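Have a look at the structure below, then the notes.
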Protein chains: 2
Amino acid sequence: MATVVDTAQRILDVAERLVQTRGYNGFSYADIAEALGVTKASLHYHFPSKGDLGKQLIERYERNFLAALARIDTQSADARQRLRRYAAIYGDVLKDDRMCLCGMLAAEFGTLPEPMRIDMRHFFDVNERWIAGVLEQGKREKKLKFTGTGVDAARALVGGLEGAMMIARSYGEPARFKAAADRLLADLGV
Amino acid sequence: MATVVDTAQRILDVAERLVQTRGYNGFSYADIAEALGVTKASLHYHFPSKGDLGKQLIERYERNFLAALARIDTQSADARQRLRRYAAIYGDVLKDDRMCLCGMLAAEFGTLPEPMRIDMRHFFDVNERWIAGVLEQGKREKKLKFTGTGVDAARALVGGLEGAMMIARSYGEPARFKAAADRLLADLGV
DNA sequence: GTCTATAGGTGGATAGAC
DNA sequence: GTCTATCCACCTATAGAC
């Protein structure tokens, strides 16, 4: 049985927001310790090294993301509606003043430990696969249109959403993201 | 008269590559000093603080970028060709294993000193303006197609290129960028 | 302009008491 | 599990000699 609110999860909650707002190289154990009112040493009990923390951060983020995609699958049958809801996830993250965790880590790729790199790419892999599936479904049902493979179109969509999100955040204008996302979706027939 | 090879420029050259590969929070004066065979102290003579260095880095990057756009303007009259050459600039940066300097800084926005934030946004402002101009030219000449304003379409293009670049670099696959870029251009009628 | 030397701070991480 | 205390490497930055 877990504690009332599991300590490791609370650490991950704070660390997640820190990475999404300041980046993996932009926060320290001291930041988390201060936010939770504990010492740095006790954080090391739960996550021995920063690399361990980072890796678990990505894995939890992917699990939560996949759960959100599963909800879309069960609640929305229409391909166009599924894509709209997919893009809305990004928009909600941005309205909370955050970048996508993995978009952030992609920028910091050059300094990440290998285990984090692998997990980060896996996040994009599963995202692309899910989108590609929706795109192909939409094409079969003649509700979506795109040239080339579903995977290629999916990659362009993910890249477009991540980039638009990153720039919109620098301007503090979530509307910039919305405009770009709507355009990307429109090009797919949404 | 400048030295044979101006020291400040050589510092900026090394720092530029470091930011583009490791990020602003991912390099130190020690890295530059080692690469140039000088001490950290002498770097501070040329750039008193890291914020000064970062700011001058962006300003030089924007000047060089604008010069490249000016070359496109004089050498290519066709709107479609101009966009292809614009996207090719990004592709060349990526093939050199670098991210766009300002795309990198956009990710690190949360930790940047205000002067760098201002310069970074200015880079995107001038990029968007240039693209918007090309898009509107192409629309008048009935060679390009897009809905809404040229600025909105320009923003979606910049975001799409930056995001695709960032992810392609994480996979070490420049081809991923090329595929996404071609798709973004195709949606504009290129 | 570049050097040596160093200040003053923060980084991640560990040992051992409670 | 959390604490105090501490280590050592690294960070940005400065003073002052050459």
Side-chain angles (χ1 to χ4, degrees), chain A residues 1-58 104-105 107-108 110-117 119, chain B residues 1-19 21-58 104-105 108 110-117 119:
Chain A
M1 194 60 179
T3 334
V4 180
V5 178
D6 191 289
T7 305
Q9 293 302 315
R10 295 206 303 147
I11 294 169
L12 288 173
D13 289 340
V14 172
E16 184 177 85
R17 166 165 278 275
L18 284 167
V19 175
Q20 290 184 268
T21 52
R22 303 177 52 85
Y24 182 73
N25 294 322
F27 86 99
S28 71
Y29 270 47
D31 296 323
I32 305 173
E34 187 187 27
L36 292 178
V38 296
T39 60
K40 289 188 292 171
S42 66
L43 299 178
H44 281 283
Y45 168 79
H46 297 279
F47 303 96
S49 79
K50 196 181 180 186
D52 295 326
L53 173 58
K55 189 167 149 61
Q56 294 210 42
L57 221 37
I58 304 171
M104 202 66 153
L105 296 177
E108 297 179 289
T111 64
L112 296 184
E114 189 61 21
M116 287 183 65
R117 292 182 172 187
D119 283 355
Chain B
M1 194 57 179
T3 335
V4 181
V5 179
D6 191 289
T7 305
Q9 294 302 316
R10 295 205 305 146
I11 294 170
L12 288 173
D13 289 341
V14 172
E16 184 176 84
R17 167 165 276 276
L18 284 166
V19 174
T21 53
R22 304 178 53 85
Y24 181 72
N25 294 322
F27 85 99
S28 72
Y29 271 46
D31 296 323
I32 306 173
E34 188 188 26
L36 292 179
V38 297
T39 60
K40 291 184 287 171
S42 66
L43 300 179
H44 282 282
Y45 169 79
H46 297 278
F47 303 95
S49 79
K50 195 180 179 185
D52 295 325
L53 173 58
K55 189 167 149 61
Q56 294 211 43
L57 222 35
I58 305 171
M104 203 66 154
L105 296 177
E108 297 179 290
T111 63
L112 296 184
E114 189 61 21
M116 287 183 66
R117 292 182 173 187
D119 283 354

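Just so it is clear, the structure is predicted and the values come from calculations on it, not from any experiment. Naming: A, B, ... by sequence-line order, numbering from 1 per chain.
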Could you check which of [options] has an atom nearest any side-chain atom of [X]?
X     : options               : value
B:V38 : C:dT14, D:dT14, C:dC3 : C:dC3
B:T7  : C:dT2, C:dG12, D:dA5  : C:dT2
B:K50 : D:dT12, D:dT4, C:dG12 : D:dT12

Whole angstroms only, please: what is the [atom1]-[atom2] distance between [X] and [N]?
X     : N      : atom1 : atom2 : value
A:L43 : D:dT4  : CG    : C1'   : 15 Å
B:K40 : D:dC10 : NZ    : P     : 10 Å
B:F47 : C:dT2  : CZ    : C1'   : 15 Å
A:I32 : C:dG11 : CD1   : P     : 11 Å
A:L36 : D:dC3  : CG    : C1'   : 15 Å
A:D31 : C:dG12 : CG    : P     : 8 Å
B:Y29 : C:dT6  : OH    : P     : 22 Å
B:I11 : C:dT2  : CD1   : P     : 7 Å

Inset, instruction - Grab the two heavy atoms, one from B:N25 and one from A:G26, that are nearest each other, plus how far apart they are. - result: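 Scanning both residues completely, I find the closest heavy atoms to be ND2-CA, 4.5 Å.
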Taking only N and O in the side chain of [X], is any of them less than 4.0 Å away from OP1 or OP2 of [N]?
X     : N      : value
A:S49 : C:dT14 : no
A:S42 : D:dC3  : yes
A:T39 : D:dC3  : yes
B:S28 : D:dC10 : no
A:H46 : D:dT2  : yes

### Query
Do A:F47 and A:L12 pass the side chain to side chain contact (heavy atoms under 4.5 Å, CB included) test, and can you show the C-alpha distance, the side-chain angles, and the key distance before you say yes or no?
CA-CA 10 Å; A:F47 303 96; A:L12 288 173; 3.7 Å; yes
Inset, instruction - Evaluate the criterion side chain to side chain contact (heavy atoms under 4.5 Å, CB included) for residue pair B:I32 and B:L53; output intermediate values, then yes/no. - result: CA-CA 11 Å; B:I32 306 173; B:L53 173 58; 3.8 Å; yes
Could you tell me whether B:Y45 contacts a base, only the sugar-phosphate backbone, or nothing, with contacts defined as non-hydrogen atoms closer than 4.0 Å?
base
Practice problem: Looking at every strand, decide which applies to A:F27 at a 4.0 Å heavy-atom threshold: base, sugar-phosphate, or nothing. | Solution: sugar-phosphate
Item to complete: Measure the shortest side-chain to side-chain distance between B:M104 and B:Y24 over non-hydrogen atoms and say whether it is less than 4.5 angstrom.
Response: no
I'd like to know whether CD of B:Q9 has more than 12 heavy-atom contacts from other residues, nucleotides or ligands below 6.0 angstrom.
yes
